[in-house]
Amino acid sequence: MSFLQRSRLFRSIVRHGLPDSVRNRALVTFTNFFLHIQPVKVRLRAMQFTRTFYLGGLSAACFFILVVTGVLLMFYYHPSVPRAYEDMKDLEFVVSSGVFLRNLHRWSAHAMVALVMLHMVRVFFAGAYRPPREFNWVIGVVLLLLTIGLSYTGYLLPWDQLAYWGVTVGTNMAAAVPVLGDQIRFLMLGGHGVNENALIRFYVLHCVVLPLALTVGIALHIWRVRKDGGLYLPPKG
Amino acid sequence: MSDPEKVLVPERTDDARAVKVRLAVVQDEERATVERTDEPECMSFPHLVLREWIAFLALSLGLVVLSLLVNAPLEEMANPEKTPNPSKAPWYFLGLQELLHYYPPLVAGVLLPGFVVLSLIVVPYFDINLRREAIWRGRSLPGALKVLIVTALISLFFIFSAAHPVWPIVVPTIFVGLLMALPAALGQRPAVLHWLATRSLPFYIFLWFLIVATALTAIGTLFRGPGWSFTLPWRDGIY
Amino acid sequence: MPPLALGRMILISAVLAVAFVAALAVAPAQSYFTEWRRVQEQYNAAARASGKSAMEVQIQQIWNPTLGVVDRCTSCHVGMGGIEPIPGAPLFAAHPPIPHDPAEIGCTLCHAGQGRATTERDAHGKVHHWFDPILPRGEEEAGCGSCHSALPVGAPDIAAEGKRLFERFDCLACHRVEGRGGAKVTAIGAPDLSGIGLAGFSPGWHEHHLGRHRAESSGPFLENYGPLDAREADAIEAYLRTLVAAPRISEGKRLFHTRGCRGCHKIGGVGGEDGPELTQVGRKGIETMLFPAGFEGPETVRDWHVAHLLSPASVVPGSTMPNLHLARSEAESLALYLLSLRRSEVAAAYWPPDRLRVEKLGEREFGTDGRTLFQVFCSACHGTSGEGHRYGELAQAFPAVANPDFLAVAPDDFIIQTLRKGRPGRRMPAWGAMESGLRPAEVEAIVRWLRSREPVPPPFEEVARAVPDANLGRETYARECAVCHGANGEGAIGPSHNTAVFAALADDRLLYRTIVDGRSGCAMPRFRDLDARTLASLLGFIRSLSAGDAPKPDLTRLDGLPAGDPVRGAAAYAGACFVCHGEAGMGGAAPAIGGRTFLDAASDRFLAGNYLMGRCRDQKGVAPSGGAPAPHSEDTSAPRAGGDAAAVADAIAWLRSEAARPVARRNLWQAGGDVTRGSSLYARTCAGCHGARGEGKEGPSLNLPEFQSAAADAYLAATIIRGRRGTAMPKFSLDQPDFPRLGAQEVRDLVTFLRSPGGTGHK
């Protein structure tokens, strides 16, 4: 072990010793890119499960699972009619674990929407939206909208009846906006109805635009949690 | 932590393999949001990281097992000429779709959700009892009356403003109104009433919103069938 | 630092990690242990046992991008897609022989089901949200309809005759058809004809056979073949064209096209619009069908169709489809045809000739002779032979369009107009106006066939030979002719024929032709049901009417009648004739003289003589007004003032040239009666059946614009006078128990009222 640690390669990657001292454990946290978003020390109260139920973290975890399964699914998917639907059938019948991938992606997506909503509820009831965290709350609302947007754009991609009519119903609601309703709907669908144009539009939004926006948003959200003094804890007593 | 007498001098060496470390020092009172705390703390690594890892694994395990057992829905290929009855949006929009049953699309699909999003965004900026003071300090019959009158007015509005009474809004309104009025009318004993009395007004508003949204979504998801008629999921299944 | 149970946390995370990895590993295992893998391993075991080489275990598929086919059925049905079949094993056997190569066109195009699926349940389509499950055993033939959307059905009657001849002439001795016959097939290699209708055959088949028949000294060509006449050969060809290797569908399709189903149902854009379109009815899934309580038999798509055909309203409440009283076997046959109506969008490169002919070239899949067209479009309502129909469940009775009385009074033009424009308000659609309806030539073919249903009158020669009977002539004249021509032939609605001039000009042949063919452009109907003796008696009686007339006229004037010039004739006609005889001689105040049948029978001499020497005894108040030239004088002795033989000849030539033009002429004869008298007469006599405003009650409505524009005064007058046997419409020229007898003037009044703006004519 110590030989390994002394090796040049290891030291080029990990620049601290075994995390057996407070110093090294602190170094683990802030020299590691993935861990540096966390503080070196946390208050015990903040670590209680019932304080946060880890809802924010689990939302992010869902996003991670979705990105991984989503990228794998992209290998098998053509955003065109009727290929899109046929690809669903191929995933089900000939791609190894294809149906599992699709299931995991679908259920994680539902879980993420629910978790983000629950996260918001938790934050509100904890009073954590109040100054100085008010802008982070706004970011959180935007993240909720982005999550719903991701889920909704993904809903169309299988191109089955559920997708088609779900999106038709939703975009018809948008058409009710006064004056600009039809234009908004046209912008959303790239046409006057749900068709192949809408499919490619939703595909690009689902796979590129919204995930990028969400990634940036999450980074901003977590960064601000740190900058605003970490997890909100009610004053003692 | 910081001793002005001792200056931290970086370790100097020519060995490229040596790890150079710079520790930052946070000075007190530099940022308003950082407060000195005497609370018990622990190192994030390994305690917090481990817990997060466990949470992640538990979630993933749950989702994987679910995915192995339950297949994601896939119906026949999209067919613009064949409208399923009912045509439903994804579950998180079914609350809005349920509202469409009561209000014209402009109200249910644009104004109401727009209003909700807007109020969620501005809520921390409006000084609505940001201190979260308790709604009641003692018994207050006029207060209870006021709350009940407001509740009645809101209920009446939702009974008569729509094509048919919006029960998914009216019932939660009355429920929350009663919760608010009870401690004012009966005092703060037992402890439940005390708890209710010490909640703030935003708590009740948000609670109301939450129950309404949940009720609308649940009804839209579970209790609506062909032609948006009322169905019972245990009798007719979920559409 | 307080204890945070680090060890326990590590343990929990380790356990979770192991569980997570284990769960994750289930996914690939799930997709490895599949049904098709097991089946292919079974194949390999069976192959090794029978000394064949094993296959590589992998998903097999038939991929045809042109057809859009991805069929993985061969992953289990191994023997049908290129892997060596193992006979006897149901899953591994080869496909039974068919004209197509399954390895090229795949499976689902014919058999339906879900080709992309790799499990039995999914592939056979017996899953939620797959609405096109595999065709059940016994209904596989229905799959043909996917591409063969327009199998030829030909002219069913002729084909049936062909089939009879085919069997009577012992063609089955050598040829195999649908599993029958062909005992000598091996001897001379006669082809199986079961699918000859699709494969096509040489037009010289008969000559070829006949040549062999003459050349051979022994063998089947000599023993079993012989000469055919052209009609027999045509019938056999018609039969051969209907042989499409799908006998049960052909039978159902034949039934469909003889029971008039297309009159209400459209298939491939051809047919009526009263019932649902059936182009893809074979794809109708069981989930769209409601089985009534107490449904007999298994609840399958086929049984639903059978039950629905046998009794529409008991399966679909409120259905307006009439009960055709089919036999169960007929309903089953029709149901299979309906199941075969499952037209898919296949690439044009794969279109079979039948589909190309119908959908690209616009040919008909059924025969276009009048008889067949009538069966295809009309027979459900008007009966297979035009005898009419009354369905118990429908309030309306459908007219007997082949009724001889109807055909006797209805000119072609009237039938054509009715076919084209329909009868709105009744179920008769406008076949000429619909995209999916009848083409002009087809409408005419139907009219020709209807005409062929009329009785054939005895030929003139037979009439000429027959011995007249004065009493019979008088009776017949009084019954059929007197109402229009007057009791003594003095003329009323019809012209007089009791003058010496007429008797001298008109020969028996003209009279005969006019009686049996009627006179288009007039109220004169066709009397085709009179026998030779009656006709001869009638002619004799008509001749006798002029016996007492003035001395024989001098006809020498007519001897040198010049050949007319039609160009000059137009002006001559306009000047002298138009005002009474109307446009192109199609009638007005006076009878029509421009009809083709009349002009064919009437000689120039007759026409010119009538003009130059006078005709009518009494103008009965139809004299034209406003300075028009007086009608031909009744003075038979002197030539007409201003009568110019050359001008008359020109006018006649022009009339003949007009009649030869292929344009539909309206019957312009005007009844010229009195509206007020007609109105009260209508209220007393007609309103009971036809409604106070002609809106129709038990009798048909008379006030629809389509009817009014199709039916001329003459048709109305002739129908009133003649009545319609087999219906409630009485013969008003005779005394009836419940109806008054109407004279010529009353008929004129009635018709005038019917056509008047205040009467039923314009509502």
Side-chain angles (χ1 to χ4, degrees), chain A residues 8 11 15-16 19 22 25 28-29 35 38-45 47 54 57-58 61 65 82 85 88 99-100 102-104 106-108 111 113 121 124 127 129-132 134 137-138 141 148 151-152 155 158-166 168-170 173 176-178 228-229, chain B residues 17 19 21 32-35 37 39-49 51-52 55-56 59-60 63-64 66-68 70-80 82-84 87-93 96-97 100 104-106 109-110 117 120-121 123-125 130 132 203 206 210:
Chain A
R8 191 171 167 180
R11 288 182 71 87
R15 296 177 188 278
H16 52 73
V22 170
R25 286 176 174 182
V28 167
T29 309
L35 296 180
Q38 313 208 7
V40 172
K41 285 179 170 182
V42 280
R43 286 165 289 176
L44 288 183
R45 274 206 297 157
M47 226 167 61
Y54 292 11
L58 291 180
I65 297 173
Y85 182 74
M88 294 303 113
V99 71
F100 169 75
R102 200 171 90 79
N103 292 347
L104 190 54
R106 181 82 161 215
W107 299 136
S108 302
V113 176
V121 170
F124 186 90
Y129 63 95
R130 293 172 302 155
E134 66 265 47
W137 165 266
V138 174
V141 173
I148 289 178
S151 173
Y152 191 60
Y155 203 73
W159 201 251
D160 64 341
Q161 282 285 75
L162 215 55
Y164 183 89
W165 290 101
T168 303
V169 168
M173 274 194 223
V177 175
D228 291 339
Chain B
R17 290 166 295 176
V19 176
V21 173
T33 53
V34 179
E35 287 168 26
T37 162
E39 286 195 51
E41 296 174 327
C42 66
M43 296 301 291
S44 295
F45 186 92
H47 300 289
L48 177 62
V49 173
R51 278 168 176 73
E52 287 172 341
F56 173 69
L59 174 80
S60 308
L63 288 172
V64 164
L66 181 68
S67 303
L68 288 173
V70 188
N71 275 359
L74 184 70
E75 298 192 352
E76 63 182 307
M77 178 140 73
N79 182 355
K82 198 167 162 185
T83 314
S87 303
K88 285 193 178 183
W91 64 269
Y92 38 81
F93 284 152
L96 291 180
Q97 212 180 333
L100 271 178
L106 178 62
V110 180
V117 169
L120 281 178
I121 287 176
V123 68
Y125 293 96
L130 279 180
R132 308 238 268 170
F203 170 88
F206 195 77
L210 197 65

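Since the model is a prediction, treat every value here as computed from it, not as a measurement. A note on names: the letters A, B, ... follow the listed sequences, proteins ahead of strands, and every chain is numbered from 1. Heavy-atom basis, side chains included; hydrogens, waters and symmetry copies ignored.
With a 4.5 Å cut-off on non-hydrogen atoms, A/Val28 touches chain B through its side chain but not through its backbone. Both the backbone and the side chain of A/Ser151 come within less than 4.5 Å of a heavy atom of chain B. Only the side chain of A/Ala111 comes within contact range of chain B, with heavy atoms under 4.5 Å apart. Both the backbone and the side chain of B/Leu96 come within contact range of chain A, each with at least one heavy atom under 4.5 Å from a heavy atom of that chain. Looking at A/Trp137, the atoms closer than 4.5 Å to chain B (heavy atoms on both sides) all sit in the side chain, from C-beta outward. Interface residue A/Val121: backbone and side-chain heavy atoms are both found under 4.5 Å from chain B. Interface remark: A/Leu58 contributes backbone and side-chain atoms alike to the contact with chain B (heavy atom separation under 4.5 Å). With a 4.5 Å cut-off on non-hydrogen atoms, B/Pro104 does not touch chain A at all. A/Val42 touches chain B through backbone and side chain together, each having a heavy atom under 4.5 Å away. If you measure heavy-atom distances from B/Leu59 to chain A, the contacts under 4.5 Å come from the side chain alone. Looking at A/Tyr54, the atoms closer than 4.5 Å to chain B (heavy atoms on both sides) all sit in the side chain, from C-beta outward.
Atom CG in B/Asn79 sits 11.0 Å away from atom OH in A/Tyr85 (nearest 0.5 Å). One distance of note links CE of B/Met77 with OH of A/Tyr164; it measures 12.5 Å at 0.5 Å rounding. Atom CG of A/Asn103 is separated from atom CG of B/Leu68 by 8.0 Å, given to the nearest 0.5 angstrom. Separation of atoms CE (A/Met47) and CD (B/Glu52) is listed at 9.5 Å; rounding is to 0.5 Å. Distance check: B/Ser67 OG to A/Arg102 CZ gives 11.0 Å after rounding to the nearest 0.5 Å. With values rounded to the nearest 0.5 angstrom, B/Ser87 atom OG is found 8.0 Å from A/Gln161 atom CD.
For the pair B/Trp91/A/Val113, a side-chain contact is recorded, criterion being any heavy-atom separation below 4.5 Å from C-beta on. The shortest distance between side-chain heavy atoms of A/Leu104 and B/Leu63 falls below 4.5 Å. No side-chain heavy atom of A/Leu44 sits under 4.5 Å from any side-chain heavy atom of B/Glu39. Considering only heavy atoms from C-beta on, B/Met43 comes within 4.5 Å of A/Val40 through its side chain. Side-chain contact between A/Ile148 and B/Phe93 is present, with at least one heavy-atom pair separated by less than 4.5 Å.
The shortest heavy-atom contact between A/Asp160 and B/Pro73 is OD2-O, 4.3 Å. Here the shortest heavy-atom pairing between B/Ile121 and A/Val138 reads O-CG2, 3.6 Å. Across A/Trp107 and B/Ala72, no two heavy atoms sit closer than the pair CZ2-CA, 3.8 Å. Scanning both residues, B/Thr83 and A/Trp165, for their nearest heavy atoms gives OG1-CH2, 3.3 Å.
Judged by distance alone, the side chain of A/Tyr152 and the main-chain N or O of B/Pro90 form no donor-acceptor pair under 3.5 Å.
When B/Pro84, B/Pro80, B/Gly109, B/Ala78 are compared by the number of non-hydrogen pairs under 4.5 Å with chain A, B/Ala78 comes out ahead. Counting heavy-atom pairs closer than 4.5 Å to chain B, the top residue among A/Ala61, A/Gly170, A/Pro158 is A/Ala61.
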